2 protein chains.
Amino acid sequence: MTPHEAGRTRREKQKAETRTQILESARRLFAEKGYRQATIRDVAGEAGVALGTIFTHFPDKEALLSAALIDELDRDFQRSWETIPVETGIREQMLHLAVEGYRSWLNRSNRDRELLRKICFTQGPARDELKFIDRGAVEQMQRLLDAARLRGEIRSDTDTEIAARTAFSMYLVNILYWLDDYEGDGKAGEHDAAGDKRMEAIVEDTRRFIGLLFRGMGHDTDR
Amino acid sequence: MTPHEAGRTRREKQKAETRTQILESARRLFAEKGYRQATIRDVAGEAGVALGTIFTHFPDKEALLSAALIDELDRDFQRSWETIPVETGIREQMLHLAVEGYRSWLNRSNRDRELLRKICFTQGPARDELKFIDRGAVEQMQRLLDAARLRGEIRSDTDTEIAARTAFSMYLVNILYWLDDYEGDGKAGEHDAAGDKRMEAIVEDTRRFIGLLFRGMGHDTDR
DNA sequence: CGAAAAAGTTGAACATGTTCATTAAATGAA
DNA sequence: TTCATTTAATGAACATGTTCAACTTTTTCG
């Protein structure tokens, strides 16, 4: 909040402040109690506002959850991008992105994963924002592939857009779907054999996926 | 209900009958009013049971929705498989499966799609059943690819399991995610320009995807 | 400057999901 | 056949999401 905020009335500032308070409380309580057990009354109480106030900011409980957590979906993704090895080939880069993503995901508490899964297909106000984040992810991947194409690492006739979308789909379905039975809290450096095992398996799957994506299934005449 | 049902007590029969009544009413009301507007009291009333009875059969509203609709997810998929062209190549078969799936999806009412999207990531009792259906889908696709491999249509070193999973992921993310902004009710042969346009686009995307899957992105040295 | 309008917030009332003590009928063992 | 136990169902009570009339404060405009 900058000292000079042109055009913002006292009211607008106060409303934004109230909204921030609510979101912070919601984030905390959902993480601590889960979606269902954390009531809107809990959130209102902790944020120091009236119950009805929540509904002047968010249309319903699900929208509150989405707003509270939308940034989390972006966070891990961006971190993977920040740590991407730049001096390596496209395969290693793709592997890195996927592996970092899966690692982050599996390192979250089970509750966190549940909450995030819940908002992934939200149909409320956060939908467009979520779409924006995901389109951004696909576009970033596509740019990475475009760069690899320029370097001659992949064939010049590669449809990088579809390739990016394919990788994104595979990643999304893996974390939201096939990994949804893992219930460990691989947090705080805690050793978790089941989590390690799942991590190994998904890394191997990713290698196979990348292998398939590079080799294709067809014969030379398909090229 | 067969005339001779060994081992089934009157109680068991009655309970099953009540459950069926409830599911039928739920299916109808959710389709008519949507998930939120259709109350459990509505369902109980129409099924001719008490409000509390619903909860002796289903742990919560979401579980009721999932149980009411789980078969729908399977239905379209199986229909696509039943109409698959057997005398054609693997590419045409894959295209057929995807196209039929997308067509069915886009031909549903918007409400139907919303309801089905909602249950796709259910975390209630229907989860395992859903997983079973989807694993079945992936396995069927894998068998199709295995057969193509035997016929020599795809290379013998193809990882058909990952290929099947990739195709499945792409399909799932397309219907649940990228097509979620289409709100038309392309039903009863009704002409729908927007639906047609989306259909064209997704068919083209599918061709591109199949193309990528066959050609791969790598150079010959990747093989 | 002051009145009118706007708007953020409130909390009681209401709607709806869920729980659970009670009831009646079915079941199975003696 | 009798009777203790089990179980499907019931509906009032309760918990929680949501609505909305009322209030107070801020903003706008003549």
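Quick note on labels: first sequence line is chain A, next is B, and so on, each numbered from 1. Just so it is clear, the model here is predicted, and its values are computed rather than measured.
- Not one side-chain nitrogen or oxygen of A/His57 sits closer than 4.0 Å to the OP1 or OP2 atom of C/dG8.
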Review point. Which is it for A/Thr20 and A/Leu23 under the side-chain contact (heavy atoms from CB on, under 4.5 Å) test, yes or no, and what are the steps along the way?
Key: CA-CA 5 Å; A/Thr20 298; A/Leu23 287 177; 5.8 Å; no
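- At a threshold of 4.0 Å, the pair B/Asp205-B/Arg208 counts as salt-bridged, since one of the basic side-chain nitrogens sits closer than that to a carboxylate oxygen.
- Atom pair A/Leu65:CG and D/dT18:P shows a separation of 12 Å (rounding to whole Å applied).
- Nucleotide D/dT26 holds its P atom 14 Å from the CD atom of A/Glu12, rounded to whole Å.
- Atom CG of B/Asp60 and atom C1' of C/dT16 are 14 Å apart (whole Å).
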Practice item. Applying side-chain contact (heavy atoms from CB on, under 4.5 Å), run through B/Leu106 and B/Leu179 and close with a yes or a no. Key: CA-CA 9 Å; B/Leu106 290 176; B/Leu179 287 178; 4.2 Å; yes
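- For A/Thr18 and C/dG8, the shortest distance from a side-chain N or O to OP1 or OP2 is not below 4.0 Å.
- Rounded to whole Å, atom C1' of C/dA26 lies 11 Å from atom CD of B/Gln14.
- Judged as a ring-ring contact (aromatic ring centres under 6.0 Å, His included), and not counting sequence neighbours, B/Phe58 has no contacts.
- At distances below 3.5 Å, at least one donor-acceptor pair connects side-chain atoms of B/Asp185 with backbone N or O atoms of B/Asn110.
- Whole-Å rounding puts the B/Arg10 CZ to D/dA9 P distance at 13 Å.
- In this structure, A/Glu204 places its CD atom where more than 12 heavy-atom neighbours from other residues, nucleotides or ligands lie under 6.0 Å away.
- Of the charged side-chain nitrogens involved, at least one lies within less than 4.0 Å of a carboxylate oxygen, so that B/Asp181 and B/Arg198 count as a salt-bridged pair.
- If you run salt bridge (charged side-chain N to carboxylate O under 4.0 Å, His left out) between B/Arg108 and each of B/Glu114, B/Glu183, B/Glu72, only B/Glu72 comes through.
- Atom CZ of A/Phe58 and atom C1' of C/dT9 are 15 Å apart (whole Å).
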Scan nucleotides 19-25 of chain C against the protein and return all N/O pairs shorter than 3.5 Å with their distances rounded to 0.1 Å.
| residue | atom | partner | partner atom | Å |
| --- | --- | --- | --- | --- |
| C/dA25 | N3 | B/Arg11 | NH2 | 2.7 |

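- B/Arg27 is listed as a side-chain neighbour of B/Glu24, based on a closest heavy-atom distance under 4.5 Å.
- A heavy atom lying under 4.0 Å from DNA chain C marks the following residues of residues 26-40 of chain A, by number: A/Arg36.
- Rounded to a whole Å, the NZ atom of B/Lys13 is 15 Å from the P atom of D/dA9.
- Between the NZ atom of A/Lys61 and the P atom of D/dA15 there is a distance of 15 Å, rounded to whole Å.
- Ranked by how close their nearest DNA chain D nucleotide is to the 5' end, B/Lys15 and B/Arg41 are led by B/Lys15.
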